[in-house]
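What follows is a single structure, written as structure tokens, with notes after it.
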2 protein chains.
Amino acid sequence: MQSHRLPTLEDVARVAGVSRATVSRVVNGIRNVDPQLHELVWTAVEQTGYVPNKMARSLVTRRTGTVALVVSDSETHDDDPFMSRFFADPYFGRVVGGLMSVLRPASVQLALQMVGADGHKRLVGDLRNGQADGAVVLSLPARDPLPGLLADARIPAVLIGRPADPVPISYVDLANETGAALAADRLAARGCRQIGMISGPADVPASQDRITGFRRATARHGHAWVPTASGNFTQESGERAMRSLLAGHPQLDGVFVANDLMALGALLVLRDAGRRVPEDVAVVGFDDSSAALAARPALTTVRHPLEDMAAEAAKLLLVRVEDPDARVSSVIYEPTLVVRQSA
Amino acid sequence: MQSHRLPTLEDVARVAGVSRATVSRVVNGIRNVDPQLHELVWTAVEQTGYVPNKMARSLVTRRTGTVALVVSDSETHDDDPFMSRFFADPYFGRVVGGLMSVLRPASVQLALQMVGADGHKRLVGDLRNGQADGAVVLSLPARDPLPGLLADARIPAVLIGRPADPVPISYVDLANETGAALAADRLAARGCRQIGMISGPADVPASQDRITGFRRATARHGHAWVPTASGNFTQESGERAMRSLLAGHPQLDGVFVANDLMALGALLVLRDAGRRVPEDVAVVGFDDSSAALAARPALTTVRHPLEDMAAEAAKLLLVRVEDPDARVSSVIYEPTLVVRQSA
DNA sequence: TTGTATGCGTTATCAG
DNA sequence: CTGATAACGCATACAA
């Protein structure tokens, strides 16, 4: 055992009494090798404890076996005002779990990349020369320029969530309008007469879709106008929105909340206001996150199969990495209503 | 613009009319370079759109600018029985957030590495030849051999959570015993006469510490024996445990639950059993996760500053990466009691 | 089927 | 202060 240097292909070759090329072939599982040598090389590999140097390999193959999960926040990241909020949200974990479920079996690494508006150019540059083979993009802000930059640079990428502006990049998304309609139907079926809504930020596509989907469906049910308050997807903002909604419309008897976290907040406020759920006011959430089950009463909510969607995104990306000219293809998931106690 | 090849150091050198070495120096901010050329080189860099190739750089510097977050599950990962549970838990996100808060400013990447018992050797091998400069280890199972392997291989690493067996590796941890004692004190101060406990798995150090800490403190308060049921940190297991506890000890009037998620489950069961919280039975949780705030009644709980701890782990790791011979140093965080409604 | 030789893009050593 | 030149560890076109 020498002091510090790790065994290289060269060392293995020397031990096995063959050339570097042969060892390389064996290690990479190339067929055209004499079974005799094949055996010989493997034992030499075991004996030396050789493990391929990914850096060197990547340098020549131009493949890293890594994909980046880029979390794009268009605002400059001075401090971490959004990070804590974002990471604490079950959303992040569910996405990571879904990605890993397909990346791990494929032996590809996941590298986390947070980037603000100031980091777009840098990120694209790094990606272009092989930081990662591709990227799954979690684009938080509306009108994020990043997807466009990635497309221009011809970097294999898949978006989670439809981009605000059309961009030639594959994405996976939920049929948000349909989901919101499901919620509206439920509320209508319960016989709610005064329906309200707590929406997400007005500039996020997913949020917009839920708003239009809900309005369209309630209109169909004869509700011309739906009082709406908006939040930013946090529980606290949900509380605020519910309070304002209740203040303006005391006889509200049904409310659709654009995500479970805000719905949790709404539930708290309703309770404090002495309203029983669902008897006095029915509440339906969105996402079917773990929060929905923990809520009291348990939340009737629109199931958002985020893990499946993330897994699909990973698959799409892997395909695209194999074949950069693969057709841009997106898949839209259909939401379902999960009925529990709140509506 | 050529077809596909990205600009290299060589290209920049040609444009600037200097040698590769000089460009390298300028790009890496080495002082000994004529201001004239300095300027010249930078404009050439801009002009060509040059961005350094990390792979090539790493190959020679033996530094990647990446640290791994390895999630170690000692059971072989046939399928993903644990992944979904783990990623859905706020724990994961909080750790990632904390790590990123120090890694990002330091411009170091975070690579996710899940590994089962079958992957330990592979992981250590990869880490040794520079997959990453170091590792933050989230060791789920009791008696995980991984920390030992990392130490033997002299890989810069920091554990989140004290290892079951002493290992010469830095770690950050919470004073779990103290935290549990805080809970006991609170319950005693409320005048609880019949105190119970819902613990975590018996073989996880953090869980053990909470058990012994709680028992010791309750004993101090005159409770010789504390009925205990155990769960696995999921809400569902918390429900089960609470049910069994209640069945065996109907006149229970105080319970300490080893994490918030299980506490959430306990709350549900207590309510279904017609017990008012905290009037009939007081509940104190552990972690102060977002679930605690969402609970009804809001959970009195032991604050576990996971983000801070993760951030500290990242700092420790960075130090160790700079100086592999740095002293092994661990830091223990002191928990505090967050009093809300449940106790 | 196997070996030889070359190149991947950088950094680092060492003369000038 | 600057420029050749040699590694870094591996894959592969080409020759044998």
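Throughout, a chain's letter reflects where its sequence line sits, starting with A, and its residues are numbered from 1.
Of the candidates C:dT11, D:dG3, C:dT1, the closest approach to any side-chain atom of B:Ser24 belongs to C:dT11.
The CZ atom of B:Arg25 sits 11 Å away from the P atom of D:dA4 (whole-angstrom rounding). Between the CG atom of B:Asn32 and the C1' atom of D:dG3 there is a distance of 14 Å, given to the nearest Å. Rounded to a whole Å, the CD atom of B:Glu10 is 13 Å from the P atom of C:dT11.
Between A:Ala21 and A:Arg31, the residue whose closest nucleotide on DNA chain C is further toward the 5' end is A:Arg31. When each of B:Thr22 and A:Ile30 is assigned the nucleotide of DNA chain D bearing its nearest heavy atom, the one mapping closer to the 5' terminus is B:Thr22.
For the pair A:Asp89 and A:Arg94, the minimum side-chain heavy-atom distance is 4.5 Å or more. Taking the side chain as every heavy atom from C-beta outward, B:Met100 and A:Phe87 approach each other to under 4.5 Å.
B:Asn129 comes within contact range of no nucleotide atom at all, as no heavy-atom separation falls under 4.0 Å.
Side chains of B:Thr48 and B:Asp11: a donor-acceptor N/O pair is absent below 3.5 angstrom, by distance only.
For B:Ser170 (side chain) and B:Ser329 (main-chain N/O), a donor-acceptor pair under 3.5 Å exists by modelled atom type. A:Asp133 contributes no side-chain N or O that, together with a main-chain N or O of A:Val67, makes up a donor-acceptor pair within less than 3.5 Å.
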- [ ] Dump the intermediate steps for salt bridge (charged side-chain N to carboxylate O under 4.0 Å, His left out) on B:Arg154 and B:Asp325, then the final yes or no.
- [x] CA-CA 9 Å; B:Arg154 296 182 54 78; B:Asp325 297 318; 3.1 Å; yes
Just the atom pairs and distances: protein N or O near nucleotides 7-9 of chain C's N or O, under 3.5 Å.
{"residue": "C:dC8", "atom": "O3'", "partner": "A:Arg62", "partner atom": "NH2", "Å": "3.0"}
{"residue": "C:dG9", "atom": "OP1", "partner": "A:Arg62", "partner atom": "NH2", "Å": "2.5"}

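Separation of the C1' atoms belonging to D:dT12 and D:dA16 is 16 Å when rounded to the nearest angstrom.
Between A:Thr61 and D:dA11, a side-chain N or O to OP1/OP2 separation shorter than 4.0 Å is absent.
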